Amino acid sequence: MIGFYFAGTSVVHRAPAILKLLLLSIGVVGVGLAREPWQLGAAALAVAALFVIARVPVGAVWQQVAPILWLLLIAVPLQALLAGWIVAAMMTGRLLVAVALAALFTLTTTVTAVLEAFRLILRPFERWIDGDRVGLLVALTIRCIPLVAEIVKDVLDARRARGAQGSLLALAVPVVVRSLYAADAIGESLVARGLDD
Amino acid sequence: MTARILTVRDLAQIAIFAALIAALGLPGAVAIGAVAVPITFQTLGVMLAGAILGARKGFFAVLLFLALTAAGLPLFSGGRGGLVWFTTSPAAGYPYGWLLGVLVIGFLTSLLLPKYRFWPALGATILGGIVAIYLIGIPVTAINLGVPLWVAAADSLKFLPGDLIKVVVTVLVARQVHKAYPGLIPVRAGRRVQAGALTRSTPSDSTPSHSAP
Amino acid sequence: MSRIVFDGVSHSFGERRVLADVDLVLSERRIGIIGANGSGKSTLARMINGLVAPDTGRVTVDDADVARKAKEIRRKVGFIFTNPDNQIVMPTVQEDVAFSLRRRGLAPAEIALRTAAALERFGLAAHAEHPAHRLSGGQKQLLALAAVLVGEPQIIVADEPTTLLDARNAREIAGLFREMTQQVIVVTHQLELLEDFDRVIVIDEGRVVADDAPSVALDAYRGLLA
């Protein structure tokens, strides 16, 4: 479960995931409240400093932030027309700083650590949520992704072999049906291997 | 997700559908080259989860997929992932919209079954797969971007053509699947018209040849 | 050896009758079950650890009713499926083997130790940390075997364990079955696998049509096909 994690030993890496989650949510709200350019500038500097401390390469950061820019393509010019360029620029700035902060969390925290933090957050609800089962479901899903990807590939190959162009429908039905059969077989295996409650 | 309400078979179906939503976002699996109009097949997966597994199992499948993505696995289409997409991104409302959408589709579908007629099903899937999802997605876009609601709504129109196609595909697929594989969604009490509950398992011999009754 | 008893067992899937009033006592060490596709042999095998409950009749393992004591019986009876892809339930090789030991009240160190030993025995130690789906077909079936045997079952039931494998891998798996010291019940189409077995049962249309030493039973089966 590698995800986007960029290995390191900095204090940003070593801080407990749950603490980082808390600070992240405070930070995001704080950035959202920035009204003056100097406030936003200070926030941007602080986030940049954290990136330097964590020693995350620029490429990895860009990979996280770039997809967001696509989403600004229409909204920013519209906002500029409606409310002026300064407001639009502040809006873009707030968004990018907040996105960078969230990206920093993802880049410096392993998936396992985040899932563990989720589990901690769920602890008060233990009466209703069985942590053991959630863990099993998470692992089972990660196991099933390549299995379903294989099913999708098989169905695509079979269609190509027949030379059929077929619709999305002709593709989706066998994928779904075969996935359901696989779920039955895996359910049977779980039972055979001792999960029978 | 307690032991009491979900059987082992439910768990397997939930995991498989969470995996299916992920697989629909994998590069090269199903590619439609569009950059400006982002068609993602993952919402198709979400709609299918509601229409095929029902509200309860479908909701858990979507939740599981989202939790893994939020935790940092690159499972959103285009290999995206991490908390950004749930918090500060302009599109951050959509994942939460998916959770509402799958519940709406699942619940309405359970009212339609065992007969799954095209037009009512289409209405149910539009209500959950478009209305419910946009209902959360658009305001969050407006908040995160700091733009008026109508700007965010206009911005979201770029998703609409793709989503309408996905709704139609969902209904057509779900119709065939419910025919080939009845009993996936418990039929609401009072509407039980000989719901051919699937024999608990198992096929004859050899591999995945499942004998539908 | 354990004593597995089928007492007047019948079963149908919907309209289709797959087993019709089967009475059997299985106590030999190595037992083969053969029959055409759809003959009911897979269902028969699944009943031994309660994956399928009979419509009528009773299955017992050492006098314990499988339907009532499924939990205990599944610890005693390991099951190997045809398609190892569906048997693997955890992301990595090691986790998958360890899964079989959960809920046994073992210390984590003990689980790690037993898992490592099982992986070593089946030549998978080098793959311990690898994602299970990257293994070859033959390796996946080895993993399935490792994951079952790590639980130290007394009986191993296998449903066509070599059908999806190529000839070389099928031979390797067959060799491993030959080395097992447990009681083994194998459903298969690969008759050569059964040549040195103690007993072979031929099922046709849900009924036992031959039940004998391999040489005799295999001849009866070939006659059935002719």
Side-chain angles (χ1 to χ4, degrees), chain A residues 1-5 7 110-116 118-119 126 129-158 174-197, chain C residues 42-43 45-46 48-53 66-67 69-104 129-135 137 140 143-144 146-151 153 156-159:
Chain A
M1 288 206 281
I2 290 159
F4 297 106
Y5 179 68
T110 61
V111 171
T112 317
V114 186
L115 291 174
E116 200 47 51
F118 286 177
R119 214 162 149 162
E126 226 165 27
I129 300 167
D130 178 347
D132 215 34
R133 282 235 150 167
V134 177
L136 171 68
L137 265 174
V138 165
L140 198 56
T141 302
I142 291 168
R143 153 69 191 127
C144 286
I145 292 170
L147 192 71
V148 176
E150 191 67 24
I151 291 175
V152 172
K153 189 177 154 290
D154 274 3
V155 171
L156 282 171
D157 285 350
V175 166
V176 171
V177 170
R178 285 182 55 177
S179 297
L180 286 168
Y181 291 157
D184 274 350
I186 285 174
E188 199 176 37
S189 166
L190 284 171
V191 171
R193 295 182 58 183
L195 188 88
D196 44 11
D197 47 353
Chain C
S42 283
T43 306
R46 278 169 165 74
I48 299 174
N49 76 343
L51 284 173
V52 177
V66 174
K69 305 248 170 187
K71 209 164 205 157
E72 289 100 282
I73 287 185
R74 285 191 192 117
R75 284 198 184 180
K76 208 188 242 188
V77 183
F79 200 98
I80 313 243
F81 294 88
T82 311
N83 187 350
D85 250 326
N86 295 334
Q87 174 146 359
I88 298 167
V89 296
M90 288 286 123
T92 64
V93 171
Q94 186 183 356
E95 286 170 295
D96 192 67
V97 174
F99 177 83
S100 301
L101 295 176
R102 65 200 286 280
R103 298 194 182 187
R104 296 235 173 158
E129 305 281 342
H130 292 185
H133 73 272
R134 297 256 175 84
L135 298 179
K140 282 179 185 166
L143 171 58
V148 166
L149 288 171
V150 75
I156 299 196
V157 182
D159 182 18

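Numbered from 1 within each chain, the chains take letters A, B, ... in sequence-line order. Being a predicted model, the structure only gives us computed values, none of them experimental. Computed from heavy atoms alone, side chains included, the values below leave out hydrogens, waters and symmetry copies.
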>> Pair C/Asn86, A/Glu188 - check side-chain contact (heavy atoms from CB on, under 4.5 Å), show working.
In response: CA-CA 9 Å; C/Asn86 295 334; A/Glu188 199 176 37; over 6 Å; no
> Is the shortest heavy-atom distance from the side chain of C/Arg74 to the side chain of A/Val191 under 4.5 Å?
Replying inline: yes
> So do C/Glu95 and A/Arg143 actually touch side chain to side chain, heavy atoms under 4.5 Å?
Replying inline: no
> For the atom pair CG (C/Asn83) and OG (A/Ser189), what is the distance rounded to the nearest 0.5 Å?
Replying inline: 10.5 Å
>> How long is the straight-line distance from CG of A/Leu136 back to CE of C/Met90, given to the nearest 0.5 Å?
In response: 5.0 Å
> Which pair of heavy atoms, one from C/Arg102 and one from A/Leu195, lies closest together, and at what distance?
Replying inline: NH1-CD1, 3.2 Å
>> So for A/Leu147, is it side chain, backbone, both, or neither that comes closer than 4.5 Å to the heavy atoms of chain C?
In response: side chain
> With sequence neighbours left out, what residues match C/Phe99 under ring-ring contact (aromatic ring centres under 6.0 Å, His included)?
Replying inline: none
> Which residue out of C/Val148, C/Thr92, C/Asn49, C/Val89 racks up the most heavy-atom pairs below 4.5 Å with chain A?
Replying inline: C/Val89
> Counting heavy-atom pairs under 4.5 Å to chain A, which of C/Ala147, C/Pro91, C/Gly50 comes out on top?
Replying inline: C/Pro91
>> Using heavy-atom distances under 4.5 Å, tell me whether C/Asp85 contacts chain A through its side chain, its backbone, both, or neither.
In response: both
>> Which residues pass the side chain to side chain contact (heavy atoms under 4.5 Å, CB included) test with C/Arg75, not counting sequence neighbours?
In response: C/Arg104
>> Donor-acceptor check, side chain of A/Arg193 to backbone of C/Gln87, threshold 3.5 angstrom: yes or no?
In response: yes
